[in-house]
There are 2 protein chains.
Amino acid sequence: MHLPDKTVERLSQYRRNLLIILAKGKEFIFSHEIAQLLHITPVQVRRDIMLIGYNGTLRKGYDIKELIDLIGKIIDTDEGQNVCIMGLGNLGKAIMKYFSGKRPKLKIVAAFDTNQEKTGQLYAGIPVIHIDELKEKVRSMNISIGIITVPFDKAGETAEYLVAAEIKGILNFSSKPLNLPETIYLEEYDMVTSLEKVAYHTKRNKQ
Amino acid sequence: MHLPDKTVERLSQYRRNLLIILAKGKEFIFSHEIAQLLHITPVQVRRDIMLIGYNGTLRKGYDIKELIDLIGKIIDTDEGQNVCIMGLGNLGKAIMKYFSGKRPKLKIVAAFDTNQEKTGQLYAGIPVIHIDELKEKVRSMNISIGIITVPFDKAGETAEYLVAAEIKGILNFSSKPLNLPETIYLEEYDMVTSLEKVAYHTKRNKQ
DNA sequence: ATTTTATTGTTATCTTTATAACAAGAAATC
DNA sequence: GATTTCTTGTTATAAAGATAACAATAAAAT
């Protein structure tokens, strides 16, 4: 089954919001309720749900529990995937704490750094390991995803290490465009661009 | 002049990469060189540049300095815009340090928090102020952009404070969908969704 | 029992974004 | 000086994404 990129993004958001609603005791939800929550149209919600092959009930809506489980089957693997942080700087640390316990199927199991003063200890309960051990640890700890939080000028070589270690997917927080083989999925996450986008639109609103 | 959203994003990326190339002493650049750098097509580069009304030279390409300056005129204001961080947690701190000195036209000038143990001091040279003073400070410090880094369950009220303070644009790092008046530009930046997107594609590559 | 109402599922249309195609023209080569 | 080459600028086409329209139908109301 092929899903549009934007649908995958929204499925992630649906699930997170549905989990909160489920915890409040609600069992069923209408497309227009989900839509209002995320500020999108009900059609889009219904279309996304159609694409993953789920069926709601007329006049009752969607079974929240079932929908959450189905989204989980699409996004997550049964065993979950292990993730590593590349670079124990401010951003790396913030992300480690941010994700701590948040997504049981996506566990940050290690942080890698070149600085020997940082390695060999735990941070937020997660081992900080020297980058020389990356390849070995990716294999032994079954890590499939890497998050790059190192600065611009170190991002290139960090990516090369990850490629050599045969990682499967990368989330890149540095604004450096990476050169990767096609087999590795790359998601870019550029804070500067996001802020500049806000700046652009804010400027226009002011004028 | 109206620019497509995606073009604005790329302009930000063009500029950052061009600044580095300019610093290396290069004066002119071809569309296919920019394209290769960012892993996009040369047509797209040319089209974006066409849309902002810049003209290159045949067989010589684009004047890097001129292009950088023009992108600056589009994204930035002459005086620059002031930015504040909402929430001095791990993410807020990381972002403050990350942006420190990086974008002279987008200056983080204050961080706001509710915790009285955090307020009244400086962090990374930036004053940490109690949120009760938000409205007054937004006016007196001429802040137009707010970055929300508080957790999910605090994001709603934080946004309300920003709305009351008449902020112009918001960059939201919490995954909480915000309810804002149309006049405020909102950019969402959801790490969990990004990581889950990687997880989804990585899973597919594995199978 | 019939009619009305509300909601899903899906196709059709529109909008946005990206790519392809190519004319125009300057520089380089012959 | 004529021809070839290379690169821009722009229009035409294609692909992705969002919205509109509406049939189907179960539940509620009459």
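Here is the naming used below: chain letters follow the sequence lines, and residue numbers restart at 1 for every chain.
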Phosphate OP1/OP2 of dA18(D) contacted by T41(A) side-chain N/O (<4.0 Å) | no
Mind checking the NE2-CD1 spacing from H201(B) to I184(A)? Nearest 0.5 Å is all I need.
-> 14.5 Å
Check the distance between dT10(C)'s P and L51(A)'s CG and give it to me in whole angstrom.
-> 10 Å
Atom NZ of K60(B) to atom P of dG25(C): distance rounded to whole Å?
-> 19 Å
Check whether any side-chain nitrogen or oxygen of N55(B) sits under 4.0 Å from OP1 or OP2 of dG9(D), and answer yes or no.
-> yes
Only one of K105(A), R103(A), K107(A) passes salt bridge (Lys or Arg N to Asp or Glu O under 4.0 Å) with D76(A), and that residue is R103(A)
For T57(A) and V43(A), take the nucleotide of DNA chain D holding the closest heavy atom to each; which residue's nucleotide lies nearer the 5' end?
-> V43(A)
Whole-Å distance between dA24(C) C1' and L58(B) CG?
-> 8 Å
Please state how far atom CZ in R59(B) lies from atom P in dC6(D), giving the value in whole angstrom units.
-> 7 Å
Test side chain to side chain contact (heavy atoms under 4.5 Å, CB included) applied to T193(A) and E187(B), R15(B), Q13(B), the passing residue | Q13(B)
Please list all pairs passing the ring-ring contact (aromatic ring centres under 6.0 Å, His included) test where one or both residues lie in residues 31-54 of chain B, with sequence neighbours left out.
-> F30(B)-H32(B)
For the pair made of CZ in F28(A) and P in dA26(D), what is the distance, rounded to whole Å?
-> 16 Å
Compare the minimum distances between each of dA12(C), dA18(C), dT7(C) and the side chain of H32(A), then state the nucleotide with the smallest one.
-> dT7(C)
From dC22(D), dT19(C), dT8(D), nucleotide with atom closest to R46(A) side chain | dC22(D)
Between dT11(D), dG17(D), dT8(D), which one does the side chain of P4(A) approach most closely?
-> dG17(D)
Could you tell me whether the phosphate oxygens of dT17(C), OP1 or OP2, come under 4.0 Å of any side-chain nitrogen or oxygen in R10(B)?
-> no
Look at the side chain of D5(B) and decide which nucleotide, out of dT19(C), dT17(C), dG9(C), has an atom nearest to it.
-> dT17(C)
Distance-only, no hydrogens or angles: does the Y189(A) side chain make a donor-acceptor pair with backbone N or O of Y189(B) under 3.5 Å?
-> yes
For L3(B) and dA18(C), give me the distance from atom CG to atom P, rounded to whole Å.
-> 13 Å
NA contact type, T7(A), heavy-atom cut-off 4.0 Å: base, sugar-phosphate, or nothing?
-> nothing
Testing dT8(C), dA18(C), dT10(D) for proximity to the side chain of K6(B), the answer is dA18(C)
Rounded distance (Å) that lies between atom C1' of dG9(C) and atom CE of M50(A) | 7 Å
What is the distance from CD of Q44(B) to P of dA18(C), rounded to the nearest Å?
-> 5 Å
